[in-house]
Protein chains: 2
Amino acid sequence: MTARTPDSARDIPEATVARLPVYLRALTSLADDGTTTCSSEELAASAGVNSAKLRKDLSYLGSYGTRGVGYDVEYLRYQIAREIGVTQDWPVVIVGIGNLGHALANYSGFRSRGFRVVALLDADPDRHDEVVAGLDVRSFEDLESIVADNAVSIGVIATPAVAAQSVADRMVAAGITSILNFAPTVLSVPDGVDVRKVDLSIELQILAYHEQRKSVAPGTEVVS
Amino acid sequence: MTARTPDSARDIPEATVARLPVYLRALTSLADDGTTTCSSEELAASAGVNSAKLRKDLSYLGSYGTRGVGYDVEYLRYQIAREIGVTQDWPVVIVGIGNLGHALANYSGFRSRGFRVVALLDADPDRHDEVVAGLDVRSFEDLESIVADNAVSIGVIATPAVAAQSVADRMVAAGITSILNFAPTVLSVPDGVDVRKVDLSIELQILAYHEQRKSVAPGTEVVS
DNA sequence: CTCGTTTTGTTCTCCCGTTCACAAACTCCT
DNA sequence: AGGAGTTTGTGAACGGGAGAACAAAACGAG
Ligand SMILES: NC(=O)c1ccc[n+]([C@@H]2O[C@H](COP(=O)([O-])OP(=O)(O)OC[C@H]3O[C@@H](n4cnc5c(N)ncnc54)[C@H](O)[C@@H]3O)[C@@H](O)[C@H]2O)c1
Ligand SMILES: NC(=O)c1ccc[n+]([C@@H]2O[C@H](COP(=O)([O-])OP(=O)(O)OC[C@H]3O[C@@H](n4cnc5c(N)ncnc54)[C@H](O)[C@@H]3O)[C@@H](O)[C@H]2O)c1
């Protein structure tokens with residue numbers, strides 16, 4: 001009964017939080033292969049990180065390993081899932097059922113990772129007849145009631161960039177406090193609301209930058 | 001004729017590289033609105049960053065601003081585009097034309113940002129009849145010849161996770177040196193090949209973690 | 001029970017990135 | 001021309017994360 005982590009360690013570094021889902025995926029993969037125990041070295045290789053970093057990350061959650069042995073795959077998997085909060089399902093709404101919205105709605109990886117799409121919303125009335133992945137596309141006007149009825153706290157924006165800010169505003173007003181934004185625009189939201197963005201073009205541009213650097217031979221100083 | 005940046009400043013920090021595309025987008029947006037000049041404060045607000053950080057980022061490229069005045073929108077836009085390498089078009093191949101692959105192929109934001117999809121490849125022969133976004137879906141076996149004929153250096157993977165590593169290996173063997181991976185798996189590639197990943201589930205899990213933290217009232221130490 | 005082996009958890013150091021703060025540089029007004 | 005006002009570019013302080021290195025703990029053999 002020493003002063004060890006009373007509830008759960010507070011304030012996990014952001015960089016660690018971003019890696020926990022990767023560890024979770026690696027552990028699930030190991031469990032599927034029938035592995036019951038693994039060392040930090042094996043798990044780190046599986047997750048593509050340094051083993052020292054992995055151990056440090058895990059130490060923020062508590063001491064779930066056994067020295068000289070390693071980690072119990074299933075036990076660690078549960079502990080990480082609990083820490084992230086994906087032991088229960090999170091209801092999610094997707095707004096903007098165009099090209100990307102369709103792909104997201106049909107994506108099975110949601111369900112298996114602790115998220116449940118409860119509604120698909122679009123502003124275009126022509127879309128409202130459609131049924132995608134077993135859900136019918138509903139009017140954006142239904143946002144507030146859907147959020148309230150299903151206790152939704154996570155929203156996904158897949159509308160064109162010009163509409164994204166107004167959609168975000170409506171989401172926030174409706175009570176959503178976490179937004180995943182696929183539109184290529186900067187959203188401004190009040191304190192207390194988290195926004196994460198996924199921007200394909202930015203990723204490609206970063207690759208292009210490094211690619212351009214490769215083509216000029218390394219060490220070639222064009223001086224003359 | 002002092003010893004100022006002879007060619008262009010070398011070694012731009014990675015964090016800065018990741019923000020340059022955001023600045024580029026903000027500048028394009030300002031230019032569309034008819035703005036010809038802007039201060040670091042305005043541009044920073046537009047890009048959602050601190051103005052000091054913006055100025056330091058831009059200083060790695062050179063001195064393209066005028067003290068007391070600000071930056072010429074069009075000029076700065078071109079300088080950043082040149083630094084990133086998106087003044088010319090980059091040919092791109094997409095492998096795995098399922099739900100996500102279709103959305104990517106139909107995405108117009110590629111073309112407008114310096115990328116050109118030259119081929120859509122899929123292993124499933126049933127897909128090979130299909131025409132998506134004006135391109136026909138071709139056999140994955142054509143990868144090598146397409147990469148060679150079009151000088152492709154960037155590949156996008158949108159296959160299921162189990163296939164991703166083997167697709168990446170084929171891409172690398174064919175001469176691709178930059179990969180954007182949408183499959184939820186860690187890719188291992190040789191040195192000199194860049195991989196960036198986009199993982200929707202990880203983003204949602206990070207949001208879920210913070211969301212879970214919000215629900216326990218801040219400062220509530222459940223001790224008893 | 002003791003010793004050697006294995007592997008975790010943690011400490012320490014270094015490096016990268018962020019932010020503050022200010023001098024230098026430019027414009028405009030008088 | 002000179003001074004006031006504005007905004008850039010950068011030096012310096014600061015904080016957080018990455019990785020090396022090691023002590024503590026568990027296990028098994030004898
Ligand atoms: N398609 C891709 O692969 C891809 C890749 C990266 C980023 N994006 C971004 O994702 C977003 C969606 O892309 P897309 O290709 O699916 O576009 P899309 O035009 O096919 O779909 C957009 C959908 O949003 C709906 N919509 C428009 N305004 C709305 C509003 N105010 N409220 C609710 N719904 C509204 C439209 O009716 C349409 O159905 C865009 O911002 C795009 O830049 C797409
Ligand atoms: N759909 C989404 O919104 C979404 C979101 C996040 C991540 N992802 C990931 O993106 C990937 C694709 O998702 P999806 O929903 O489009 O899946 P999908 O099953 O609809 O499409 C996969 C496509 O890849 C093709 N394929 C399979 N093996 C191949 C191989 N060896 N070479 C070439 N092509 C091959 C299949 O024929 C199929 O057409 C998956 O890894 C998924 O986890 C998808």
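Chain letters run A, B, ... following the sequence lines, proteins first and then strands; every chain starts at 1.
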Residue-phosphate contact under 4.0 Å: B/N50 side-chain N/O, C/dC20 OP1/OP2: yes
Within residues 17-49 of chain A, residues whose heavy atoms come under 4.0 Å of DNA chain D: A/R19
Centroid separation B/Y64 to B/Y75 less than 6.0 Å: yes
Ion pair check, B/D89 and B/R111, cut-off under 4.0 Å: yes
OH/A/Y107: more than 12 non-hydrogen atoms of other groups inside 6.0 Å: yes
Interatomic distance, A/E14 CD vs D/dG15 P [rounded to whole Å]: 19 Å
Heavy-atom donor-acceptor pair, B/K56 side-chain to C/dT19 base, under 3.5 Å: yes
Heavy-atom side-chain proximity of A/D32 to A/T28 below 4.5 angstrom: yes
B/R25 with A/D199: basic N within carboxylate O range, under 4.0 Å: yes
Nearest-nucleotide comparison on DNA chain D, the residue closer to the 5′ end among B/R55 and A/P13: B/R55
Length of the CG-P vector between B/L54 and D/dG9, whole Å: 10 Å
Value in whole Å for how far the P atom of D/dG16 lies from OH of A/Y60: 11 Å
Min side-chain heavy-atom separation B/K214-A/D194 under 4.5 Å: yes
Beyond-backbone contact of A/I176 with A/V147, side-chain heavy atoms, under 4.5 angstrom: yes
Interatomic distance where CG belongs to B/L58 and P belongs to D/dT10 [whole Å]: 11 Å
Value in whole Å for how far the P atom of D/dT10 lies from CG of B/D57: 13 Å
Five-pair end axes of the helix from C/dC1-D/dG30 to C/dT30-D/dA1 and the angle they enclose, rounded to 10°: 0°
Expected output: side-chain B/S46 to main-chain B/L43 donor-acceptor under 3.5 Å: no
Note: B/E144-B/R170 ion pair, threshold 4.0 Å (strictly below): yes
For atom CD1 of A/I12 and atom P of D/dG16, their distance in whole Å: 16 Å
Nearest-Å distance for atom pair OH/P, residues A/Y64 and D/dA25: 19 Å
Neighbour count >12 (heavy atoms, 6.0 Å) for atom CZ, B/F140: yes
Those residues of residues 66-74 of chain B lying under 4.0 Å from DNA chain D by at least one heavy atom: B/T66, B/R67, B/G68, B/V69, B/G70, B/Y71
Note, B/T185 side chain near B/Q165 side chain (heavy atom, < 4.5 Å): no
Whole-Å distance separating the NZ atom of A/K53 from the C1' atom of C/dG9: 17 Å
